[in-house]
Every structure is written in C-alpha cells, then in structure tokens.
Amino acid sequence: VLTAEERKAIQSSWAKLAPEHDDLGGEALTRLFQVYTQSKIYFPHFDLCPGSNDIHRHGQKVVKAIDSAIKNMDNIRGCLSDLSDLHAYNLRVDPVNFKFLARCIHVTLASSLRGDYNALVYLAWDKLLCVIAEVLTEKYR
Ligand code: HEM
C-alpha cells in the first residue's frame with residue numbers, strides 16, 4: 001500500500017512530467033520492444049520500428065491508464081477493471097511482460113526526471129507499477 005509520502009512523490013513527479021506525457025508511453029514501449037524483444041509477439045499487427053506511430057499512439061493509451069490510476073490511487077482496481085478483463089481474457093499477455101514494461105517505464109522516468117528520480121520516487125513508482133501489474137493480471141486463470 002502506498003504511503004501518503006509515496007503518493008505525493010508520484011503525483012509531484014508525474015505533474016513535473018506533464019509536458020512529456022504524450023511521448024513517455026511511446027518511449028517506454030520502444031525500450032520494451034528493443035530490450036525485451038519477446039514482448040513483440042503480442043503486437044503482430046503493429047509497426048514496431050522505434051518511435052512508430054503505432055507505438056506512439058499505443059503509448060498514449062498506456063499513459064492515460066497510468067494517469068487514471070494516479071488520479072484514483074484509492075481505487076486502482078476499480079478504475080482499471082476493464083483493462084484487467086482485456087489483458088486477462090482477450091490478450092493473455094504472459095505476466096512476466098508486466099515486469100519488463102515496468103523496468104522500461106522506470107528507465108524512461110529516470111531519463112526524464114534525472115536527479116529528481118531519487119530513491120523515494122523510485123520506490124513509490126515501483127509500488128504503483130506493481131499494483132497496476134497485479135490488477136491487470138489478477139483475473140488470469
Ligand atoms: C492494450 C494499458 C501492459 C499488451 C492496452 C490498452 C491499454 C493498455 C490502455 C488499450 C485498451 C483499449 O484500446 O481499450 C496497459 C497498461 C499496462 C499494460 C497500463 C501496464 C502498465 C501490457 C503488456 C503487454 C500489453 C506488458 C504485452 C507486452 C497489450 C496489447 C493490447 C493492449 C497487445 C492491444 C493493442 C491493440 O491491438 O491495440 N493496454 N497495458 N499490455 N495491451 Fe496493455
């Protein structure tokens with residue numbers, strides 16, 4: 001569970017990144033497909049060249065979901081419920097990919113926030129990304 005201090009760390013670092021929200025998701029996904037190439041199998045219908053329009057557009061959707069989780073930190077499960085159904089029942093993404101994507105999001109945040117991405121901010125984001133991954137994978141059976 002996220003402490004008040006961790007919530008504040010996420011909210012203020014996310015606000016600081018507002019001008020970059022449109023691009024952050026695409027950057028994280030580009031890293032995902034380059035570093036963890038096995039994750040590409042879920043996107044056979046996408047142009048997966050680094051920075052492609054498909055990646056950029058999909059990145060914006062992912063960022064929007066993260067943004068809504070941040071705005072509803074007391075009810076992340078509720079606000080991502082439809083996405084949880086989608087990832088578990090339709091997409092059947094191997095859960096390990098959520099760890100890979102989380103790492104790529106960390107690297108993306110760190111390369112934008114630089115010195116502001118300190119241990120507290122890192123830990124807070126790690127908790128948030130774990131909760132999101134847990135919610136998106138908990139309906140698997
Ligand atoms: C679709 C969010 C992790 C594979 C989506 C959509 C969102 C989303 C918002 C669009 C849903 C819609 O169009 O209604 C997230 C979030 C994640 C996450 C917040 C974790 C932080 C992953 C991972 C994979 C994945 C790790 C696999 C590597 C997909 C695929 C689609 C999708 C294949 C459908 C793409 C399409 O055909 O347009 N996800 N996702 N997701 N996601 Fe995820």
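Given the structure is predicted, the values throughout are model-derived calculations rather than measurements. Atoms within a ligand are numbered from 1 in the order they appear, just like the ligands themselves.
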Within a distance under 4.0 Å of any heavy atom of [X], pick out the atoms of ligand 1 and give their elements.
X	value
His45	36 (C), 37 (O)
Leu91	29 (C), 30 (C), 31 (C), 32 (C), 33 (C), 34 (C), 42 (N)
Tyr42	27 (C), 28 (C), 33 (C)
Leu83	2 (C), 6 (C), 7 (C), 8 (C), 9 (C), 11 (C)

Ligand 1 N/O within reach of Asn97 N/O, cut-off under 3.5 Å: no

Side chain proximity check, [X] to [Y], heavy atoms < 4.5 angstrom:
X	Y	value
Leu17	Leu109	yes
Phe33	Phe46	no
Phe100	Asp94	no

Minimum-distance pair of heavy atoms, taken over all atoms of Ile55 and Asp47: CG1-O, 3.8 Å

Shortest non-hydrogen contact between Trp125 and Ser13, atoms and distance: NE1-OG, 3.0 Å

Looking only at protein heavy atoms, which one is nearest to [atom], and how far off is it?
atom	value
atom 20 (C) of ligand 1	Leu101 CD2, 3.7 Å
atom 4 (C) of ligand 1	Phe43 CZ, 3.3 Å
atom 3 (C) of ligand 1	Phe98 CE2, 3.3 Å
atom 24 (C) of ligand 1	Val93 CG1, 3.7 Å
atom 9 (C) of ligand 1	Lys61 O, 3.4 Å
atom 11 (C) of ligand 1	Leu86 CD2, 3.6 Å

Under-4.0 Å salt bridge between Arg7 and Asp74: yes

Heavy atoms of other groups near Lys139 NZ, more than 12 under 6.0 Å: yes

Donor-acceptor side-chain pairing of Tyr117 and His106 below 3.5 angstrom: yes

Test item: side-chain donor near acceptor, Arg31 and Tyr36, under 3.5 Å: no

Option set His58, His87, Arg57, criterion heavy-atom distance to atom 41 (N) of ligand 1, minimum: His87

Please state which part of [X] comes within less than 4.0 Å of ligand 1, counting heavy atoms only: side chain, backbone, both or neither.
X	value
Leu136	side chain
Asp82	neither
Leu129	neither
Phe100	neither

Any donor-acceptor pair under 3.5 Å from Lys127 side chain to Val1 backbone: yes

Chi angles and distances behind the side-chain contact (heavy atoms from CB on, under 4.5 Å) call for Ser12, Asp116: CA-CA 10 Å; Ser12 64; Asp116 290 334; over 6 Å; no

Any non-hydrogen protein atom less than 4.0 Å away from atom 14 (O) of ligand 1: no

